[in-house]
**Student:** 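The structure follows.
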Amino acid sequence: MGSRTSPVSRPITIRRAVARDAKRLTRLVRGSGAYRGKYAAAVAGYRVGPDYIEAHRVFVAVCADEHGDRVLGFYSLVLAPPELDLLFVADEVQGRGIGRLLVAHMCSQARAAGISRLKVVSHVTAEDFYHRVGAVRTGTAFANPPAVPWDRPEFEFHIPPE
(Lines give C-alpha, C1' and ligand atoms only; values in the text may rest on other atoms or scores of the structure.)
Protein backbone atom coordinates (compact mmCIF):
# COMPACT_ATOMS: atom_id res chain seq x y z
CA MET A 1 0.00 0.00 0.00
CA GLY A 2 1.24 3.45 -0.73
CA SER A 3 -0.03 6.84 0.31
CA ARG A 4 -3.56 7.34 1.53
CA THR A 5 -5.49 10.30 2.72
CA SER A 6 -6.86 9.89 6.21
CA PRO A 7 -8.36 11.97 8.97
CA VAL A 8 -4.78 13.10 9.71
CA SER A 9 -4.16 16.26 7.66
CA ARG A 10 -1.36 14.79 5.51
CA PRO A 11 -1.15 11.65 3.39
CA ILE A 12 -0.20 8.52 5.29
CA THR A 13 2.25 5.98 3.93
CA ILE A 14 2.54 2.47 5.27
CA ARG A 15 6.02 1.13 4.63
CA ARG A 16 8.22 -1.68 5.81
CA ALA A 17 10.08 -0.76 8.99
CA VAL A 18 13.85 -0.52 8.84
CA ALA A 19 16.50 -0.75 11.56
CA ARG A 20 16.65 3.02 12.02
CA ASP A 21 12.95 2.96 13.07
CA ALA A 22 13.70 0.80 16.13
CA LYS A 23 14.13 3.61 18.66
CA ARG A 24 10.98 5.44 17.52
CA LEU A 25 8.93 2.23 17.68
CA THR A 26 10.29 1.48 21.15
CA ARG A 27 9.35 4.98 22.31
CA LEU A 28 5.85 4.54 20.89
CA VAL A 29 5.36 1.27 22.83
CA ARG A 30 6.81 2.59 26.09
CA GLY A 31 4.87 5.86 25.83
CA SER A 32 1.50 4.26 25.09
CA GLY A 33 -1.29 5.62 27.25
CA ALA A 34 -2.84 2.14 27.26
CA TYR A 35 0.04 0.98 29.45
CA ARG A 36 -0.14 3.51 32.26
CA GLY A 37 -0.81 2.72 35.88
CA LYS A 38 -1.00 -0.96 36.69
CA TYR A 39 -0.06 -1.87 33.11
CA ALA A 40 3.14 0.23 32.96
CA ALA A 41 5.47 -2.59 34.02
CA ALA A 42 4.54 -4.62 30.93
CA VAL A 43 6.27 -2.15 28.60
CA ALA A 44 8.78 -0.42 30.90
CA GLY A 45 11.75 -2.34 29.54
CA TYR A 46 10.23 -3.33 26.21
CA ARG A 47 12.43 -2.87 23.17
CA VAL A 48 11.63 -3.10 19.47
CA GLY A 49 15.14 -3.69 18.23
CA PRO A 50 16.64 -3.86 14.74
CA ASP A 51 16.86 -7.64 15.18
CA TYR A 52 13.08 -7.83 15.80
CA ILE A 53 12.40 -5.65 12.76
CA GLU A 54 14.58 -7.89 10.62
CA ALA A 55 13.01 -11.13 11.91
CA HIS A 56 9.35 -10.12 11.42
CA ARG A 57 7.15 -8.23 9.00
CA VAL A 58 7.02 -4.89 10.75
CA PHE A 59 5.21 -2.04 9.00
CA VAL A 60 5.08 1.61 9.98
CA ALA A 61 2.40 4.23 9.27
CA VAL A 62 4.11 7.57 8.68
CA CYS A 63 3.23 11.01 7.45
CA ALA A 64 5.66 13.68 6.36
CA ASP A 65 6.05 16.72 8.58
CA GLU A 66 8.61 19.49 8.87
CA HIS A 67 11.06 17.10 10.57
CA GLY A 68 10.74 14.18 8.11
CA ASP A 69 8.60 11.10 8.61
CA ARG A 70 6.41 11.20 11.70
CA VAL A 71 5.61 7.71 13.03
CA LEU A 72 1.86 7.41 13.64
CA GLY A 73 1.75 3.70 14.41
CA PHE A 74 3.05 0.28 13.50
CA TYR A 75 2.29 -3.42 13.52
CA SER A 76 4.22 -6.66 13.45
CA LEU A 77 3.00 -9.71 11.57
CA VAL A 78 4.52 -13.04 12.60
CA LEU A 79 4.05 -15.70 9.92
CA ALA A 80 4.69 -18.91 11.88
CA PRO A 81 2.48 -19.38 13.73
CA PRO A 82 0.35 -16.60 12.20
CA GLU A 83 -0.08 -13.83 14.73
CA LEU A 84 -0.45 -10.08 14.96
CA ASP A 85 2.27 -9.62 17.56
CA LEU A 86 2.25 -5.83 18.02
CA LEU A 87 -0.08 -3.04 16.99
CA PHE A 88 0.41 0.45 18.39
CA VAL A 89 -0.95 3.83 17.36
CA ALA A 90 0.46 7.04 18.82
CA ASP A 91 -1.87 8.38 21.52
CA GLU A 92 -2.28 11.77 19.84
CA VAL A 93 -3.68 10.27 16.61
CA GLN A 94 -5.90 7.54 18.04
CA GLY A 95 -9.47 7.67 16.82
CA ARG A 96 -8.44 9.00 13.39
CA GLY A 97 -8.39 5.75 11.42
CA ILE A 98 -4.69 4.89 11.71
CA GLY A 99 -5.33 1.59 13.49
CA ARG A 100 -7.96 0.66 10.91
CA LEU A 101 -5.47 1.41 8.09
CA LEU A 102 -2.82 -0.72 9.78
CA VAL A 103 -5.24 -3.64 10.24
CA ALA A 104 -6.34 -3.46 6.59
CA HIS A 105 -2.70 -3.44 5.51
CA MET A 106 -1.92 -6.35 7.85
CA CYS A 107 -4.80 -8.35 6.37
CA SER A 108 -3.51 -7.76 2.84
CA GLN A 109 -0.01 -8.85 3.90
CA ALA A 110 -1.40 -11.97 5.59
CA ARG A 111 -3.48 -12.79 2.51
CA ALA A 112 -0.43 -12.40 0.25
CA ALA A 113 1.47 -14.80 2.54
CA GLY A 114 -1.33 -17.40 2.23
CA ILE A 115 -2.61 -16.94 5.78
CA SER A 116 -6.35 -17.47 6.31
CA ARG A 117 -6.51 -17.12 10.11
CA LEU A 118 -4.46 -14.88 12.34
CA LYS A 119 -4.29 -14.86 16.15
CA VAL A 120 -4.16 -11.72 18.31
CA VAL A 121 -3.58 -11.64 22.05
CA SER A 122 -4.91 -8.20 22.86
CA HIS A 123 -4.25 -5.75 25.63
CA VAL A 124 -7.37 -5.41 27.78
CA THR A 125 -7.94 -1.79 26.72
CA ALA A 126 -7.84 -2.67 22.99
CA GLU A 127 -10.65 -5.23 23.07
CA ASP A 128 -13.30 -2.87 21.65
CA PHE A 129 -10.96 -1.80 18.86
CA TYR A 130 -10.42 -5.39 17.70
CA HIS A 131 -14.17 -6.02 17.70
CA ARG A 132 -14.70 -2.90 15.55
CA VAL A 133 -12.11 -3.97 12.96
CA GLY A 134 -13.58 -7.44 12.51
CA ALA A 135 -11.64 -9.71 14.85
CA VAL A 136 -13.60 -12.46 16.59
CA ARG A 137 -13.05 -13.20 20.28
CA THR A 138 -11.84 -16.79 20.66
CA GLY A 139 -10.82 -17.02 24.29
CA THR A 140 -8.56 -15.71 27.01
CA ALA A 141 -4.80 -15.74 27.39
CA PHE A 142 -4.35 -16.24 31.11
CA ALA A 143 -2.00 -14.20 33.27
CA ASN A 144 1.67 -15.10 33.17
CA PRO A 145 3.24 -13.33 36.18
CA PRO A 146 5.50 -11.52 36.57
CA ALA A 147 5.66 -10.52 32.88
CA VAL A 148 1.89 -10.14 32.40
CA PRO A 149 -0.07 -10.38 35.65
CA TRP A 150 -3.54 -10.06 34.10
CA ASP A 151 -5.71 -12.08 31.71
CA ARG A 152 -5.93 -10.82 28.12
CA PRO A 153 -8.59 -11.31 25.45
CA GLU A 154 -7.63 -13.52 22.55
CA PHE A 155 -8.95 -12.83 19.04
CA GLU A 156 -8.74 -14.20 15.55
CA PHE A 157 -8.89 -12.47 12.20
CA HIS A 158 -10.37 -14.50 9.37
CA ILE A 159 -8.57 -13.48 6.19
CA PRO A 160 -10.72 -14.26 3.14
CA PRO A 161 -8.94 -15.06 -0.14
CA GLU A 162 -9.05 -12.39 -2.83
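Computed from a prediction, not measured in an experiment: that's the story for all the values here.
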**Student:** Do V60 and L87 land in one hydrophobic cluster if side-chain heavy atoms of ILVMFWY residues count as linked below 4.5 Å?
**Tutor:** no
**Student:** Is V62 close to I12 at the side-chain level, that is, under 4.5 Å between some pair of heavy atoms?
**Tutor:** no
**Student:** Looking at side-chain heavy atoms only, is the closest gap between V121 and E83 below 4.5 Å?
**Tutor:** yes
**Student:** Does the R57 side chain pair with the main chain of L79, one donor and one acceptor, at a distance under 3.5 Å?
**Tutor:** no
**Student:** Looking at C63 and P11, what are the two nearest heavy atoms and their distance?
**Tutor:** CB-O, 3.4 Å
**Student:** Heavy-atom distance under 4.5 Å between the side chains of F88 and F74, does that happen here?
**Tutor:** yes
**Student:** Do the non-hydrogen side-chain atoms of V78 and L84 ever get within less than 4.5 Å of each other?
**Tutor:** no
**Student:** Under 3.5 Å, is there a donor-acceptor pair between the side chain of S108 and the main chain of H105?
**Tutor:** yes
**Student:** Scan residues 32-49 for pairs that pass salt bridge (Lys or Arg N to Asp or Glu O under 4.0 Å), counting only residues two or more places apart or in two chains.
**Tutor:** R36-D91, R47-D51
**Student:** Just by modelled atom types, is the S116 backbone N or O under 3.5 Å from a matching donor or acceptor in the H158 side chain?
**Tutor:** no
**Student:** Would you check if R117 and E156 make a side-chain contact, meaning some heavy-atom pair closer than 4.5 Å?
**Tutor:** yes
**Student:** Taking S122 for its side chain and V124 for its backbone only, find out whether a donor-acceptor pair lies under 3.5 Å.
**Tutor:** no
**Student:** About how many Å separate NE2 of H56 and CG of L77, when rounded to the nearest 0.5 Å?
**Tutor:** 10.0 Å
**Student:** If you compare all heavy atoms of A34 against all heavy atoms of T125, which two are closest, and at what distance to 0.1 Å?
**Tutor:** CB-OG1, 3.4 Å
**Student:** Indicate yes or no: does R15 engage D69 in a salt bridge with an N to O separation below 4.0 Å.
**Tutor:** yes
**Student:** May I ask you to test the F157-V103 pair for a side-chain heavy-atom distance under 4.5 Å?
**Tutor:** yes
**Student:** For the atom pair CE (M106) and CD1 (I14), what is the distance rounded to the nearest 0.5 Å?
**Tutor:** 11.0 Å
**Student:** Does R27 pair with D21 as a salt bridge, N-O distance under 4.0 Å?
**Tutor:** no
**Student:** Counting only N and O atoms by type, is there a donor-acceptor contact under 3.5 Å from the side chain of Q94 to the main-chain atoms of V89?
**Tutor:** yes
**Student:** Can you hop from L25 to L101 via hydrophobic side chains spaced under 4.5 Å?
**Tutor:** no
**Student:** Enumerate the side-chain hydrogen bond (donor to acceptor under 3.5 Å, both in side chains) contacts for residues 128-151, please, sequence neighbours excluded, ordered by first and then second residue.
**Tutor:** E127-R137, R137-T140
**Student:** Give, for atom CZ of F155 and atom NZ of K119, the distance between the pair rounded to the nearest 0.5 Å.
**Tutor:** 13.0 Å
**Student:** Using the six-membered ring wherever Trp is involved, compare the ring planes of Y39 and H123 and label them parallel, tilted or perpendicular (cut-offs 30° and 60°).
**Tutor:** perpendicular
**Student:** Using the rule that Ile, Leu, Val, Met, Phe, Trp and Tyr join whenever any side-chain heavy atoms are under 4.5 Å apart, tell me whether V58 and L28 fall into a single cluster.
**Tutor:** yes
**Student:** Considering only residues two or more places apart or on different chains, which pairs with a residue in residues 105-114 satisfy salt bridge (Lys or Arg N to Asp or Glu O under 4.0 Å)?
**Tutor:** none
**Student:** Can you tell me how far OG1 of T26 sits from CZ of R24, rounded to the nearest 0.5 angstrom?
**Tutor:** 11.5 Å
**Student:** So L86 and Y52, do their side chains get closer than 4.5 Å, heavy atoms only?
**Tutor:** yes
